[in-house]
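For reference, the structure is listed below as structure tokens.
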Protein chains: 2
Amino acid sequence: MTLGDVARHVGVGTMTVSRALHRPAMVSEPLRAKILKAVDELGYVRNRVASGLASGTARLVPVVIPTLLHPVYIPFLEGAYSVLAQHGYQIILSTTEYQVSAEDRLIEALLGWFPDGLFLSGVDHSARTMSVLKRVHIPIVEVMDLSDSPIGINVGFSHYKVGVAVAEYFYQKGYRQIAYAGTMTEIDLRSVKRIAGFQQTLKDYGLPYHYIQRSNEPFSIALGGGLLNELLLQQPDIQAVFFANDDLAAGALFECQRRGIRVPEQLAIMGFNDQEIANSTIPTITSVRTPRREIGQIAAQMLVDHLQGRPPAERQVDLGFKIIERASTQAAARSISD
Amino acid sequence: MTLGDVARHVGVGTMTVSRALHRPAMVSEPLRAKILKAVDELGYVRNRVASGLASGTARLVPVVIPTLLHPVYIPFLEGAYSVLAQHGYQIILSTTEYQVSAEDRLIEALLGWFPDGLFLSGVDHSARTMSVLKRVHIPIVEVMDLSDSPIGINVGFSHYKVGVAVAEYFYQKGYRQIAYAGTMTEIDLRSVKRIAGFQQTLKDYGLPYHYIQRSNEPFSIALGGGLLNELLLQQPDIQAVFFANDDLAAGALFECQRRGIRVPEQLAIMGFNDQEIANSTIPTITSVRTPRREIGQIAAQMLVDHLQGRPPAERQVDLGFKIIERASTQAAARSISD
DNA sequence: TTGCCAATTGATAGCGCTATCATCACGGCG
DNA sequence: CGCCGTGATGATAGCGCTATCAATTGGCAA
């Protein structure tokens, strides 16, 4: 069932059918009604592949995220999907599994679809990918992080500033033995930026920086307990810990309960991402809320605007973040010795 | 940069370049090396849209899930993605947001890509969708639930049997005042099947069926507490509750802690899906583990096999489920009065 | 009446690729 | 010495659609 079949059935040219369907204003009302009726009866659906080839735009937007296994990328995906779908763009889903080399090949393959735009999470790409992206003439959208030199549109927040803000928060609260606990530092470059801001700020305050890091173990609640135990072994007088995400923080909290460590009186715990679990534990966990869904929505809206000939004024948008203070860091400053 | 450009550059025909890239055995070794070199130098990438049009197969597989907002569909998506990506198929992501009418339009639009296959979650479709799906000559994969009359491939488990198994489990444990608590019954047809099995089994045992249901409120931890309160108001002597998912069960558990109701001694709680939260609360929550990732992987593998000319022996695969018993239902049967 | 413009419809030429068949060179064989 | 099979390569014809320009009509101003 092709356009030609419909055209023959109605007794008009193929262009008239094409117009009746996609440029309604260009076809007279009675003829258009006749064509739509025939389309409906024959069950014709436009071949988007042929349409894409002929028009040069397939209304396809690949979205590349690190992984589907970690829940933080889902709200972003959802936000982007909701806006793009509304405007008739299809999403091609891809994951790098945190492998930079995979990103290279992935992006080249994705470009083979001659997409209308391209979403990438993260702003750190290989030299090869960068040169490919710069050569290609479609809007590139980098999200989740802020870039010093964005390729195209860039929506996110500064992970470095998160590290700074958390260190400052702990300092204001009176904590002086402060640690970072995380994992995947080798592949999650954004966590490295948070660490940098955190460490630098502690240094600026003249405080020691303690940390415990794993390089490749995936995030999990169980790992949080393990990291906490190792940290306490290494630094028993620790007062406050900033975890790389909420699962780890929750795991550490549960471990504290098992070991009889009172939170926040004896140990303050802060998570990252503000996932639902942070607000469900007892005590609840202070965390850094990141605008993941908004990043997806706003970035997608900017892309759509751009594609529709309304290039957004700003190419880079900093959506910020917010420390959501909960019970796990509520110890009065006085009660902490310094 | 097109195939023709590469061909001209090397001084061969376009077909030779096409073959060198995609049918290596058909081109002599030295010529092929020369062509690959030119491809690399010129940065040529195949236009998959043109390729798809010419060959009639674009290696595209749309995956339709109800929503990205609920985490249970993500492991399925991940499982399917991992297998499809490995075999060179691209996923087009789509969600229905639980609207049957949206599914109709969505599927027709997706069919416009002339995809190689189509993933649908759920087995309940509108009459219109059914007729479209039957007319189309691509493998349809229905997942998450089992169908009485699968259109094509069907991988999942029986939600009715889940209801039966949970009712039997509660009965064996000695509970006699048993309830179901859930939400979204109007749009989540699979939960309705669980309810049916649950209710029927209680009836077979001669036990009363209690329930509290909301029709459209989304799942959340907070809602779990609300449902529990309503249920207790309506039926104060309730002994065991089967929740529509783990978030609700966890919320109910937290509410019990707030109200001083001992779990499992005074009230047994069972969740559904066995998400990580069920194993993280104190006490841990008994739940029904469903093979979501496996469903995605196995279904995708069956689709790939089918597309590669190795049609799987069975069209329907029941991956079952398992009640993971944890602390929230561990009260000794004796301690419950009957 | 003539001419011109706008509105509507149609004919044609690709988009970049692959399927298919033709061509050609070469070597073995009768 | 011609015939034929085989392997390698090329020429050509679409795949189904849309961009573009041409053609036709009718209304209206000059």
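A, B, ... follow the sequence lines: proteins, then strands. Residue 1 opens every chain.
- Look at CH2 on A:W113: it is 16 Å from P on C:dG16, rounded to the nearest Å.
- Atoms CZ (B:R32) and C1' (D:dT9) sit 16 Å apart, rounded to a whole Å.
- Remark: A:H9 NE2 is loosely packed, at most 12 non-hydrogen atoms of other residues, nucleotides or ligands lying under 6.0 Å away.
- The closest donor-acceptor contact from the side chain of A:S55 to the backbone of A:S51 lies under 3.5 Å.
- Taking atom CG on B:L53 and atom C1' on C:dG14, their separation rounds to 12 Å, with Å as the unit.
- Between B:P24 and B:R32 the shortest side-chain heavy-atom distance falls below 4.5 Å.
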Collect all protein-nucleotide pairs involving nucleotides 17-19 of chain C in which both atoms are nitrogen or oxygen and the distance is under 3.5 Å.
from, atom 1, to, atom 2, distance (Å)
C:dC17, OP1, B:Y44, OH, 2.4
C:dC17, OP1, B:N47, N, 3.4
C:dC17, OP2, B:L3, N, 2.4
C:dT18, OP1, B:R46, NH1, 2.8
C:dT18, OP2, B:S18, OG, 2.4
C:dA19, OP2, B:R23, NH2, 3.4

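- Judged by distance alone, with hydrogens and angles left aside, the side-chain atoms of B:Y44 form no donor-acceptor pair with the main-chain N or O of B:A38 at under 3.5 Å.
- Residues B:D40 and B:K37 are not paired through a salt bridge, judged by the lack of any N-O separation under 4.0 Å between the basic side chain and the carboxylate.
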Name each donor-acceptor pair under 3.5 Å that joins a side chain in residues 113-121 of chain A to protein atoms two or more places apart or in another chain, with its distance.
from, atom 1, to, atom 2, distance (Å)
A:D116, OD1, A:T57, OG1, 3.3
A:D116, OD1, A:R59, N, 2.9
A:D116, OD1, A:L60, N, 3.3
A:D116, OD2, A:T57, OG1, 2.4
A:S121, OG, A:V64, O, 2.9

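- Nearest-nucleotide positions on DNA chain D for B:S28 and B:F114 put B:S28 closer to the 5' end.
- A salt bridge is defined here as a Lys NZ or Arg NE, NH1 or NH2 lying under 4.0 Å from an Asp or Glu carboxylate O, and A:E108 with A:R128 meets this definition.
- Following rounding to the nearest Å, A:M26 (CE) and C:dT8 (P) show an atom-to-atom distance of 9 Å.
- Atoms CD (A:E29) and P (C:dT9) sit 11 Å apart, rounded to a whole Å.
- Among the heavy atoms of the strands lying under 4.0 Å from B:V27 are primed sugar atoms or P, OP1, OP2 only; no base atom is included.
- Across the helix from C:dT1-D:dA30 to C:dG30-D:dC1, the helix axis at one end is tilted relative to the axis at the other end by 60° (nearest 10 degrees, each axis from five pairs).
- Across A:E142 and A:N154, no two heavy atoms sit closer than the pair O-ND2, 2.9 Å.
- Side-chain contact between A:R292 and A:V72 is present, with heavy atoms from C-beta onward closer than 4.5 Å.
- In this structure, B:L21 atom CG and C:dG16 atom C1' are separated by 13 Å, rounded to whole Å.
- Residue B:V12 is classed as a sugar-phosphate contact, given heavy-atom separations below 4.0 Å to backbone atoms only.
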